[in-house]
Amino acid sequence: MIKNQIGIIGLSTMGKNLALNIASHNFKVAGYNRTYAVTKDMMNEEYNNFIGYADLKEFIDSLEKPRKILLMVKAGQAIDDLCNQLAEYLDTGDIIMDGGNSYFKDTIRRNEYLKEKRINYLGIGISGGEKGARLGPSIMPGGDKDVYNEVKVFLESIAAKKNGEPCCTYIGPDGAGHYVKMVHNGIEYADMQLLVESYLLLKKIGRYTNSEMALIFESWNQSELKSYLVEITAKILREKDELRDGELIDYIIDKASQKGTGKWTSKETLDQDQNTSLIGAAVLARVTSNFDELRNTYQMLFDEPMTKEVNPYVFQEEVRKAYQLGKIVAYAQGFALMKDASKRYNWNLDLGKIASIFRAGCIIQAEFLQVIMKSYNEDKNLENLLLDEEIIRVIRRNIQSLRVVSSLAIRGGVPSPVFVSAITYLDQLRSKHVGANLIQAQRDFFGAHTFERIDQEGINHHEWNE
Ligand code: NBP
């Protein structure tokens, strides 16, 4: 009997669509889901090249060796449980791939655990949501390179293509794939919030209507700001409500949730002594949007400040430039975090290649990635994107707009934490004096932590006058 070439466990949104994507590339796919009804529904559709199984052992026996099994289940304990369960049935050299949003340190641990059992493991970041999974996601595989080579044909076939190149490349050992996916999601949080702030500012200070703002975002999408997130923002602002007059956006509750990858990025940033302030601000903006009681009380206690009259056309252009620069800072911080992780974990990440596979299939796909790719390809040792000449030129052109927009936001009481974080970060880098001398003095005063002087080498302590 002809064996299946690859198996997928977990046939929810992502698993089902990836299974269909792989099957549509003429690979024979086996599917298994904990709840059989889900598998049965798929079987009823009679998809080509797909067979669903009710029994895990039968599913495993249906696969050609070395077996290749992609897990598309909820990240966390379910992955550990499945690894344990599968280890009982699998043979030396079989491959388990985790395509979910797993925490990269869990992936490192699972890789080591399964290696002891001579089972191969890959941690694979997959971005693109439901549509990407079905039509071509961006894929970030991590693990041993020779193991990746065994499954490369499946992953590269189903990945999104940019100029004919698959948006899938070997990222690095053990947890590297899931780490890069985590930072991808962190950047996604920051970019989404920058668009949120642009929308709020255009609405409250520029006094634009939803359809006028849709036009503005559409025009951005015809420029170097072209991106999937800008495109869908324009579409969202145009969408009419089905129940009432006007646009759906005005009937959606003003609070947002999260699944955790942005939070992980922020925690890792602190552990690595790096700065991804824009991602952190975006995560906290979502958290704060859920402070129902406090927000209600403050809405009653304090009036909205008067907003300054602006020329809407001039303001619109200032917001566009502020968004462009905010986005640069968000990406630069995210890529600097990956660069640091690469050294810290010995992953040898190729940041140019990583930028190249973000160009299609994933949520942060954007024209701007072309610039990042070029920067890192021209200089593999580039310490930080903010040192790239072309990027410095854009910063010079746009910094005043970012400053003006952030100031108008503060004066007008329009919460814009990510814009403000962006200008603050640039000012921290640019300022000759950031006040850290006083921190040294305070620490030496209360804890004898010592300080360094500008005029001589070495460590000093002063007997401060209490
Ligand atoms: P979910 O994350 O909603 O998980 C649902 C699937 O996990 C179902 O198939 C469910 O089986 C299975 N499952 C659970 Br829950 N616990 C299990 C266990 N202990 N043993 C076996 N199976 C278990 O599905 P998803 O949205 O398709 O996402 C899958 C992965 O891909 C996640 O890690 C997610 O973070 C990641 N991801 C999702 C997206 C997206 O847009 N949705 C994008 C990129 C990455 P059941 O039917 O029996 O309950």
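Both counts, for ligands and for their atoms, begin at 1 and track the order of listing. Because the structure is a prediction, the values reported are computed rather than measured.
For atom 22 (N) of ligand 1, the closest non-hydrogen atom of the protein is Val73 CG1, 3.6 Å. Nearest protein heavy-atom neighbour of atom 31 (O) of ligand 1: Met72 CE, 3.5 Å. At the top of the distance list for atom 41 (O) of ligand 1, counting protein heavy atoms only, stands Gly129 CA, 3.4 Å. The single protein non-hydrogen atom nearest to atom 44 (C) of ligand 1 is Ile126 O, 3.3 Å, given as residue, atom name and distance. Of the protein's heavy atoms, Ser12 CB, 3.9 Å lies nearest to atom 6 (C) of ligand 1. Closest to atom 9 (O) of ligand 1 among all protein heavy atoms lies Asn33 OD1, 2.7 Å. Closest to atom 49 (O) of ligand 1, if we only count protein heavy atoms, is Arg34 NH2, 2.9 Å. Looking from atom 28 (O) of ligand 1 to the surrounding protein, the closest heavy atom is Met14 CG, 3.7 Å.
A distance of 4.5 Å separates OH of Tyr228 from CD1 of Ile232, quoted to the nearest 0.5 Å. Note that the CG atom of Asn348 and the OG atom of Ser342 stand 6.0 Å from one another [nearest 0.5 Å].
When each atom of ligand 1 is checked for a heavy atom of Thr13 under 4.0 Å away, the hits are 27 (O). Close approach of ligand 1 to Leu11 is summarised as follows: ligand atoms under 4.0 Å from at least one heavy atom of the residue are 9 (O). The contact set between ligand 1 and Gly10, taken as ligand atoms under 4.0 Å from a residue heavy atom, comprises 9 (O). Proximity to Ala78 (heavy-atom distance under 4.0 Å) selects the following atoms of ligand 1: 16 (N), 17 (C), 18 (C), 19 (N).
The pair Asp245-Lys240 does not count as a salt bridge, with every side-chain nitrogen at least 4.0 angstrom from each carboxylate oxygen. Salt-bridge annotation for Arg295 and Asp254: present, with a side-chain N of the basic residue lying under 4.0 Å from a carboxylate O of the acidic one. For the pair Asp350 and Lys380, the salt-bridge criterion is met [side-chain N within less than 4.0 Å of a carboxylate O].
Between Asn101 and Lys259, the side chains place no donor N or O within less than 3.5 Å of an acceptor N or O (distance only, hydrogens not considered). Of the N and O atoms on the side chains of Lys255 and Asn290, not one donor lies less than 3.5 Å from an acceptor on the other residue. Counting only N and O atoms by type, the side chains of Asn84 and Tyr113 include a donor and acceptor under 3.5 Å apart.
Close N/O approach between Lys259 and ligand 1 is not found [any backbone or side-chain N/O within under 3.5 Å]. Residue-to-ligand polar distances place Lys74 within reach of ligand 1: an N/O pair is separated by less than 3.5 Å. Remark: ligand 1 and Ser127 share no N or O pair separated by less than 3.5 Å (distance only, no angle test). Inclusion of Thr35 in the set of residues having an N or O under 3.5 Å from an N or O of ligand 1 is warranted.
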- Message: For a side-chain hydrogen bond (donor to acceptor under 3.5 Å, both in side chains) check, start with the C-alpha distance between Asp250 and Asn210, then their side-chain angles and the critical distance, and finish with the verdict.
- Response: CA-CA 9 Å; Asp250 292 333; Asn210 290 332; 2.9 Å; yes
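Under the 30°/60° scheme for interplanar angles, the aromatic rings of Phe154 and Phe27 are found to be tilted.
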Side chains of residues 318-325: which donor-acceptor partners sit under 3.5 Å, not counting sequence neighbours?
from   : atom 1 : to     : atom 2 : distance (Å)
Glu318 : OE1    : Ser401 : OG     : 2.6
Arg320 : NE     : Glu317 : OE1    : 3.0
Arg320 : NH2    : Glu317 : OE2    : 2.9
Tyr323 : OH     : Asp191 : OD1    : 2.6
Gln324 : OE1    : Asn398 : ND2    : 2.8
Gln324 : NE2    : Glu224 : OE2    : 3.4

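Between the choices Ile79, Thr261, Ile8, Asn101, the shortest heavy-atom distance to atom 33 (O) of ligand 1 belongs to Asn101.
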